[in-house]
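First the structure, in the form of structure tokens, and then the observations on it.
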Amino acid sequence: MEQSVVSIDVVTLRCWDADSGVRLGIAPREFEPFTGELALPGVLLGRGERLVDAARRAVHTKLGVPTEAIGAVGQLVTFDEPHRDPRGPTLAIAMWAVVAEHDGPAEWVGFDKVPPLAFDHNRIVDTSRSLLAGLLWKDATLTRALAGTEFPATRAVDLSTSLHGARPDAANLNRTLAAIPGLGRTGERRRVKATGRPAVVWAFDVDEGSSAR
């Protein structure tokens, strides 16, 4: 019986200070099939290789992200349509990764501005966006990786808007943040825009951050 190979395709996320929300990384493919077409970073899983290690390898080799800038990594979902790859039956395990600021050649786009991608990568992006929206503010590792140890309320709005596709209700978002273990409002306010009131700053407890890693 012919066996399927396993591809690790990574929805690589960044939310840097200069960004207005979450962006994901794509890059042109160097090899067939779909040479030159934009795609998510992906690699075939090596014999005995762990999923997280393969995901980090994909982000480093396909997006040009330095290994030290690759932060938290997690698993999302598997795509098993047998004809998704013209080379033959290939399972695709979608992973997420969050990267820190760095210089690199990758193209970074918002979820609402993803261009046509190779393979079934647009479907992977759409499905992963919904899953990531469900994990935000619930999965401590993903939330801390995107939001940071401390963040202004405007950043929380940007994160929610990017992943949910709609601006959250302020009162509901505040209740959500207040219910997260180890997260609390500080007495600080931070000006993030030229006009308007400074934003409330939220911060995770140090001990909570240690246990989340």
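Positions are given from 1, in the same order as the sequence printed here.
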Side chains of [X] and [Y] in contact at under 4.5 Å (non-hydrogen atoms):
X    : Y    : result
V5   : P89  : no
F119 : P33  : yes
P198 : E188 : no
R190 : P152 : yes
V99  : L13  : no
E101 : R14  : no
V59  : R56  : no
V200 : R189 : yes

Name of the residue among V11, V65, V10 meeting side-chain contact (heavy atoms from CB on, under 4.5 Å) with P41: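 Answer to the side-chain contact (heavy atoms from CB on, under 4.5 Å) test with P41 among V11, V65, V10: V10.
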If two hydrophobic side chains count as joined below 4.5 Å and joins carry through other members, does [X] share a cluster with [Y]?
X    : Y    : result
V43  : I70  : yes
F151 : V192 : no
V73  : V98  : no
V52  : L146 : no

R84 NZ/CZ over F79 ring centroid, <6.0 Å and within 45° of normal: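 No, a cation-pi geometry is absent between R84 and F79.
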For the backbone of [Y] and the side chain of [X], can you confirm whether one donor and one acceptor N or O come within less than 3.5 Å of each other?
X    : Y    : result
D19  : V22  : no
S130 : T127 : no
H102 : A100 : yes
T78  : I93  : no
R129 : L163 : yes
D80  : L91  : no
H121 : L40  : yes
D120 : A92  : no

Exercise: do D9 and S7 side chains pair donor with acceptor under 3.5 Å: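 Checked: D9/S7 side chains pair up, N/O donor to acceptor below 3.5 Å.
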N-O pairing of E49 and R47 below 4.0 Å: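 No, this pair does not count.
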Audit row: E150, F204, side-chain contact (heavy atoms from CB on, under 4.5 Å) steps and yes/no: CA-CA 6 Å; E150 63 173 42; F204 284 98; over 6 Å; no
Candidate pair W96 and T12, rule side chain to side chain donor-acceptor pair (under 3.5 Å), full reasoning: CA-CA 6 Å; W96 62 262; T12 310; over 6 Å; no
Plane angle bin for W108 and W16 - parallel if under 30°, tilted between 30 and 60°, otherwise perpendicular: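 Geometry flag for W108 against W16: tilted rings.
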